[in-house]
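Heads up: the structure comes next, in structure tokens.
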Amino acid sequence: MESRLAPHQPPAATEGGVHDPRVGPQAAEPALAFRRWIEGDGAEGMVLRAGRSRQGVAVAMAHTVTTTGDAPVLATSIRDQGALRHTVRTTLAPGAVLTLVKSVAYAADKDVDGAPGDDDALSSAAVAALAQATAIGLPALRQARTQALQDFWLSSDLAIEGAPDLERAVRFNLFQLLQGAGRDGLTSVGAKGQSGEGYEGHYFWDAEIFALPVLVYTRPAVARAVLEYRHRTLDGARTHARLMGHRKGALYPWRTIGGAECSAYFPAGSAQYHINADIAHAVRQYMDASGDDDFLVRHGAEILFETARLWLDMGHYNPRRGGRFCIHEVTGPDEYTAMVDNNLYTNAMAQAHLEYAAEVAARLGRERPDDLARIAGAIGLGAEEPEGWRQAAEAMYLPYDEASGIHPQDDSFLDKKPWDFAGTPADHHPLLMHYHPLVLYRHQVCKQADAVLAFCLLPHRFEAEAVRRSFAFYEAVTVHDSTLSAGVFALLAARLGLMDKALAYFKDTALVDLHDLHRNTGHGLHMAAMAGSWMALVQGFAGMHALGGTLRFAPTLPPGWTGYRFRLDFQGNRVEVAVGCDAATTYRLLAGPGLALSHHGQVAHLTPATPEQTLEGIRHAAL
Ligand code: IFM
């Protein structure tokens with residue numbers, strides 16, 4: 001029996017001989033280079049370090065082997081060109097059992113006190129972690145893990161009656177999100193979680209706009225930790241802003257791990273300024289659901305203020321647009337369109353960001369003036385700045401085309417040449433693998449939800465019929481080459497009462513990895529799409545919306561389902577929502593002091609004395 005430890009070789013990143021940019025740059029060398037062996041105290045392993053960033057990781061392992069019948073066991077370890085092979089040989093009598101317990105512990109620079117780059121310290125940290133795990137023992141470790149998962153399902157359990165495959169898929173997705181989310185305040189949620197090398201382990205807006213809503217309502221403490229990571233990397237965002245020519249404020253990098261921008265190609269990278277508003281939206285979502293003022297004054301407010309400043313620095317009041325506040329030369333979420341003026345999503349999210357930042361500054365001024373003074377002092381915030389944010393938000397330009405009655409994705413999108421969908425060979429998808437980006441940029445073709453996402457996140461901002469018309473328009477020009485897209489279309493289709501479409505998109509996002517729908521699950525799981533399945537269920541089919549601090553529902557029932565239920569944590573309460581085929585929804589307070597919620601506009605109060613309410617009405621076709 002052989003177990004092998006070796007520096008990782010990058011996965012094959014080609015399709016038909018063409019490099020797939022979604023995996024990462026083609027490097028001749030493995031990302032991690034061997035530094036030294038670990039040995040002693042029953043442990044063996046190795047220290048590895050990244051070539052450029054010098055970040056290190058140590059892995060230490062130990063084996064215990066037992067056999068029934070006490071057959072002699074010969075264990076050998078062989079080091080071979082940076083790989084470690086542990087071999088166990090024995091001869092077992094028929095029916096005898098060999099048990100091998102392999103324990104592995106990792107340590108990274110962040111686990112080590114002192115100067116980064118110290119291989120000995122890293123090695124000792126891994127050996128210490130291994131010793132600690134061995135001392136605790138397998139049964140106790142397993143018990144702790146079981147308990148942690150039981151706790152997780154207490155807050156996030158869900159069921160879909162009539163679609164067991166989809167129920168299993170969403171539960172699988174939730175489990176993967178839980179596994180993939182950083183919880184130490186030093187890490188976030190990678191686009192692939194911890195499951196693969198696609199996108200080089202980087203964090204994107206996927207964390208805040210997709211993973212975070214799930215965590216906010218099922219694991220608030222983890223949501224807070226993920227947001228703390230952004231506060232911890234605020235200095236990197238300030239540096240990035242200066243690099244991009246902004247005199248003050250912070251601009252979060254489009255893709256990062258340590259806080260520095262790691263995009264290789266700025267039109268599809270740093271130009272996605274909406275990342276600032278995405279993070280602000282996540283802060284707001286967390287605050288509305290938790291009321292955690294401690295987070296706000298330690299971390300959240302500084303993030304909000306520093307990032308809000310950027311919009312004032314880059315946007316302007318445009319006399320040619322009636323003095324509206326315009327934002328030029330950005331890329332929105334849709335990566336088949338780049339470097340545009342007045343991207344609807346960016347402008348609408350920036351508007352919400354500016355408004356909220358001004359609101360928070362005003363509330364802190366009233367309720368926690370010392371905290372506001374401390375934060376303002378630390379970042380040199382002028383007393384007049386929040387009023388500037390409020391005015392820019394009020395004047396924000398949101399593109400609307402009178403002739404078609406839709407919201408254009410940006411100033412130029414409707415003028416572009418239509419894409420020849422009928423003439424595109426079936427094997428030319430995803431388009432990014434077959435057409436030069438400039439060709440895509442010149443056409444009316446969307447990789448993923450863009451304006452459609454704005455309608456989902458900020459429903460109060462748009463008129464219902466314009467949203468319905470816009471949905472039809474964007475559906476016809478979107479190819480969903482990004483896995484982030486289907487969940488968003490499912491969510492909006494459900495809110496619009498387009499139930500067949502909603503269900504089809506829901507399947508695409510729920511089964512994305514279990515069925516390997518994009519044929520690249522081997523590069524890692526698609527965390528945002530997985531989160532998208534929960535969002536489509538809860539925020540789409542059940543119509544949940546909580547911005548502003550009130551929990552609202554407008555449940556629908558997709559065709560073929562006889563019911564569904566899920567749980568949420570909200571403002572210290574745990575609530576179960578069960579939508580049934582009898583056109584009724586039951587809301588149950590499982591824990592907490594109680595709350596008021598809205599069901600199709602009807603207010604219900606759940607209290608410990610009256611913890612359950614069943615309300616009639618399933619919405620079928622209204623926003
Ligand atoms: O963040 C996404 C982006 O929106 C589409 N391309 C992949 C990225 C990582 O998932």
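We count ligands from 1, going down the list as the structure has it; atoms in each ligand are counted the same way. The structure displayed is predicted, hence computed values, not measured ones.
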Would you mind writing out a table of all protein N or O atoms found under 3.5 Å from any N or O atom of ligand 1, naming both atoms and giving the distance to 0.1 Å?
from	atom 1	to	atom 2	distance (Å)
ligand 1	1 (O)	Trp205	NE1	2.9
ligand 1	1 (O)	Asp206	OD1	2.6
ligand 1	4 (O)	Trp205	NE1	3.0
ligand 1	4 (O)	Gln448	NE2	3.0
ligand 1	6 (N)	Glu335	OE1	3.0
ligand 1	10 (O)	Asp206	OD2	2.6

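Note: Phe489 and Tyr505 have tilted aromatic rings, judged against thresholds of 30 and 60 degrees for the angle between ring planes.
Checking side-chain atoms of Glu197 against main-chain N and O of Gly524 turns up no donor-acceptor pair under 3.5 Å. Formation of a donor-acceptor pair under 3.5 Å by the Arg52 side chain with backbone atoms of Ala50 is not found in this model.
For the residue pair Tyr356/Arg284, the side-chain donor-acceptor check at 3.5 Å is not satisfied. Side chain to side chain, His231 and Glu302 meet the donor-acceptor criterion of an N or O pair below 3.5 Å.
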Could you walk me through whether Arg232 and Glu228 pass the salt bridge (charged side-chain N to carboxylate O under 4.0 Å, His left out) check? CA-CA 6 Å; Arg232 204 184 154 81; Glu228 282 178 10; over 6 Å; no

